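Please read these numbers as outputs of a predicted model, since none were measured by experiment. Atoms within a ligand are numbered from 1 in the order they appear, just like the ligands themselves. For the numbers below, each heavy atom of this structure counts, side chains included, while hydrogens, waters and symmetry mates do not.
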Amino acid sequence: MKMFKILSTVFVFSLLFILAACGTSQTSGSTKSDAKKTLRVVTDAAYAPFEYQDKGEVVGFDIDFIKAVAKEAGYNVKVDNVGWDPLFVEIKGKTADIGLSAITINDERKQTYDFSTPYFLSKNEILVPKNSDIKNAQDLKGKTVAVQNGTTGQDAVEALLGKNSDKLKKFENNNLAIMELKSGGANAVVADNTVVEQYVKNNPQDNLKVIEDDTAFNKEFYGLMFAKGSTLKADFDKAITKVLDNGTYAKLYKQWFKVDPDIKILKE
Ligand code: ARG
């Protein structure tokens with residue numbers, strides 16, 4: 001009987017020991033999160049409300065979005081404002097991990113880069129002075145149009161004015177294109193709808209308005225941009241699907257745009 005007691009005590013203690021060991025190995029598993037890999041994210045922070053500078057900090061919907069997605073995927077992120085053209089150079093040259101900049105997924109870019117699953121629906125729109133005689137995209141013909149260099153806005157205007165039109169003025173960032181419009185150096189700016197609409201709303205003193213034209217401007221989807229073959233794509237696709245499904249995306253979207261997102265269209 002005594003022997004049995006001793007044996008069972010030994011048994012219970014070894015069981016406790018094994019459980020404790022499992023426990024520690026689990027904690028050491030989660031302390032791994034302290035050593036999470038930090039990814040370098042590059043952006044052009046001159047595209048409010050997606051990415052812009054506020055009191056020396058880069059903020060915007062895209063920034064909140066990447067933080068949520070990276071957290072889900074198990075990474076830390078550091079966002080660097082490098083500018084639009086350099087961003088592409090850095091992703092191609094693999095000096096940065098993710099391009100985040102309201103970047104439209106299109107066939108031309110897909111030849112050189114990999115994209116995540118879509119996270120935002122967009123289209124180009126025309127920004128003009130309130131008293132402009134421009135009523136639609138066709139009216140841009142013969143006018144001087146300012147765009148950000150290397151954007152889908154440039155592609156759209158080239159399709160209307162011709163590729164080497166001297167009436168197309170290209171700028172390093174979209175804010176410079178808008179400044180050109182305000183100073184009278186251009187008759188219109190073509191850029192993403194959310195950006196120009198917010199500009200008009202936030203700057204009533206500028207007396208500008210936007211014109212939609214679905215016959216000239218197609219639906220576009222933004223994606224995170226990776227170097228071709230990046231292994232990050234799989235992790236981030238999974239994480240994006242998760243934040244779309246668990247309400248995090250809708251919460252951020254509502255915070256920034258005051259309306260509910262159409263999540264279904266992102267999954268088509
Ligand atoms: N969506 C457009 C494109 O991909 C414009 C993006 C410009 N983004 C920016 N952060 N400046 O061409």
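Without hydrogens or angle criteria, T152 side chain to D155 main chain gives no donor-acceptor distance under 3.5 Å. Remark: the backbone N or O of L232 is paired with a side-chain donor or acceptor of S230 at under 3.5 angstrom.
Where the criterion is an N or O separation shorter than 3.5 Å, residue side chain and backbone included, W84 fails it with respect to ligand 1. Between D192 and ligand 1, at least one N/O pair is under 3.5 Å apart. Below 3.5 Å of separation, one finds no N or O of Y47 facing any N or O of ligand 1.
Counting protein heavy atoms only, atom 10 (N) of ligand 1 is closest to S101 OG, 2.9 Å. Nearest protein heavy-atom contact of atom 6 (C) of ligand 1 is A102 O, 3.3 Å.
Numbered from 1 in the order shown, with element, the atoms of ligand 1 that lie under 4.0 Å from a heavy atom of I103 read 4 (O). Annotation for ligand 1: atoms under 4.0 Å from non-hydrogen atoms of D44 are 9 (C), 10 (N), 11 (N). With ligand atoms numbered from 1 in the order given, ligand 1 contributes 2 (C), 3 (C), 12 (O) to contacts under 4.0 Å with heavy atoms of T152. Distances below 4.0 Å separate heavy atoms of Q148 from the following atoms of ligand 1: 7 (C), 9 (C), 11 (N).
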Evaluation steps, side chain to side chain donor-acceptor pair (under 3.5 Å), between D213 and Q138: CA-CA 9 Å; D213 189 338; Q138 293 308 320; 5.9 Å; no

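Salt bridge absent: K130 and D206 never bring a charged side-chain N and a carboxylate O closer than 4.0 Å. Salt bridge status for E72 with K238: absent, with no side-chain N to carboxylate O gap under 4.0 Å. Remark: K123 engages D214 in a salt bridge, criterion side-chain N to carboxylate O under 4.0 Å. A salt bridge links K233 with D237: the distance from a Lys NZ or Arg NE/NH1/NH2 to an Asp or Glu carboxylate oxygen falls below 4.0 Å.
The shortest separation from a heavy atom of Y222 to ligand 1 is under 4.0 Å, placing the residue in contact.
Atom CD of E57 sits in a sparse spot, with 12 or fewer heavy atoms from other residues, nucleotides or ligands closer than 6.0 Å.
With atom 4 (O) of ligand 1 as the reference point, the heavy atom nearest to it among R109, Q154, E51 is part of R109.
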